[in-house]
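Every value quoted in this text rests on a predicted model; they were computed, and no experiment measured them. In what follows, every chain begins at residue 1, and chains take the letters A, B, ... in the order their sequences are listed.
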Amino acid sequence: DQQVKQNSPSLSVQEGRISILNCDYTNSMFDYFLWYKKYPAEGPTFLISISSIKDKNEDGRFTVFLNKSAKHLSLHIVPSQPGDSAVYFCAASVSNDYKLSFGAGTTVTVRA
Amino acid sequence: DAGVTQSPTHLIKTRGQHVTLRCSPISGHKSVSWYQQVLGQGPQFIFQYYEKEERGRGNFPDRFSARQFPNYSSELNVNALLLGDSALYLCASSHRGQGLKFFGPGTRLTVL
């Protein structure tokens with residue numbers, strides 16, 4: 001039962017432009033959302049998170065938007081840089097729970 | 001500070017064998033979680049341990065077991081290996097059960 005879905009397996013963007021990654025969820029109990037970034041041969045590293053009491057969280061070049069009514073969140077990377085080329089995972093949890101539910105990931109390729 | 005460490009890095013086993021994977025959490029972290037990432041999918045939750053007690057278990061068969069030691073390190077054991085157990089096994093540590101999870105580099109298990 002896939003409760004978190006990333007429907008775009010890949011995204012190619014030119015350096016300097018915006019990358020927009022999308023994520024949908026089905027479990028209305030989820031109230032904490034995270035984005036992880038993963039390079040080959042490394043574990044996922046935390047990028048940014050958002051609580052359900054907010055609709056936007058910003059950290060430098062990274063902004064996450066949450067639309068609770070649509071059960072949708074997105075990650076914006078502006079401007080995209082070559083080092084951003086990686087797999088990005090969307091994850092969600094219930095705040096008093098212990099586990100993360102992950103999407104399948106989106107592979108981002110930033111072209112020079 | 002050292003991050004989450006996992007051993008071994010790679011492992012090749014044959015069907016029916018047993019495997020033990022090891023994880024050392026970040027110093028001061030008392031919770032360890034295990035995730036399985038099959039190629040092309042996101043990480044799937046297997047277990048979480050907090051203060052040496054199992055706090056959660058994902059939808060995995062009884063062939064999978066784990067434990068946490070007094071120093072908060074952890075082992076994941078898989079018996080009677082199947083071809084479908086081939087995956088990247090990720091360990092994550094957090095200060096508390098519900099805290100932000102930091103992932104190790106993973107152990108790549110190949111079952112032939």
Side-chain angles (χ1 to χ4, degrees), chain A residues 1-10 21-27 29-52 57 59 62 64 73 75 86-108, chain B residues 2-10 21 23-26 29-51 53-60 66 68 74 87-108:
Chain A
D1 180 20
Q2 196 72 13
Q3 299 185 69
V4 178
K5 296 180 182 180
Q6 294 176 256
N7 292 318
S8 298
S10 63
L21 290 78
N22 294 303
C23 177
D24 297 295
Y25 61 96
T26 56
N27 187 344
M29 297 296 292
F30 287 147
D31 57 4
Y32 187 60
F33 305 89
L34 309 90
W35 287 92
Y36 280 86
K37 175 180 178 180
K38 186 179 185 302
Y39 294 117
E42 295 183 13
T45 55
F46 170 73
L47 195 56
I48 192 169
S49 65
I50 187 167
S51 163
S52 61
N57 189 26
D59 184 2
F62 303 91
V64 57
L73 63 156
L75 174 68
V87 179
Y88 290 78
F89 290 102
C90 172
S93 72
V94 179
S95 59
N96 62 351
D97 201 355
Y98 41 80
K99 68 176 184 180
L100 294 175
S101 296
F102 282 86
T106 297
T107 300
V108 173
Chain B
V4 178
T5 59
Q6 293 186 244
S7 63
T9 306
H10 296 89
L21 310 180
C23 171
S24 292
I26 292 170
H29 284 193
K30 299 180 179 180
S31 178
V32 169
S33 304
W34 288 94
Y35 288 78
Q36 180 197 63
Q37 186 187 1
V38 173
L39 195 62
Q41 298 181 20
Q44 297 291 316
F45 172 75
I46 309 175
F47 285 110
Q48 184 184 37
Y49 278 78
Y50 177 55
E51 289 282 17
E53 289 187 8
E54 182 182 308
R55 297 302 179 103
R57 183 186 183 111
N59 188 23
F60 280 80
Q68 187 177 33
S74 177
L88 180 68
Y89 288 84
L90 295 163
C91 174
S93 80
S94 55
H95 183 65
R96 300 173 294 109
Q98 294 87 14
L100 180 63
K101 292 170 177 49
F102 296 85
F103 284 86
T107 293
R108 172 72 62 187

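- Heavy atoms closer than 4.5 Å to chain A are found nowhere in F47(B), neither backbone nor side chain.
- Residue with the most contacts toward chain A among G104(B), P43(B), C91(B): P43(B) (heavy-atom pairs, distance under 4.5 Å).
- Side-chain atoms of Y36(A) never come within 3.5 Å of backbone atoms of F103(B) as a donor-acceptor pair (strictly under, hydrogens ignored).
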Exercise answer: donor-acceptor pairs, residues 40-52 of chain A side-chain atoms, under 3.5 Å, sequence neighbours excluded:
unit_1: T45(A); atom_1: OG1; unit_2: K37(A); atom_2: O; d: 3.1
unit_1: S49(A); atom_1: OG; unit_2: Y32(A); atom_2: OH; d: 3.1
unit_1: S51(A); atom_1: OG; unit_2: I53(A); atom_2: N; d: 3.3
unit_1: S52(A); atom_1: OG; unit_2: D31(A); atom_2: O; d: 3.4

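- R57(B) pairs by the salt bridge (Lys or Arg N to Asp or Glu O under 4.0 Å) definition with D62(B), not counting sequence neighbours.
- Across all their heavy atoms, F89(A) and Q37(B) have their closest contact at CZ-NE2, 3.2 Å.
- Heavy atoms closer than 4.5 Å to chain A are found nowhere in Q6(B), neither backbone nor side chain.
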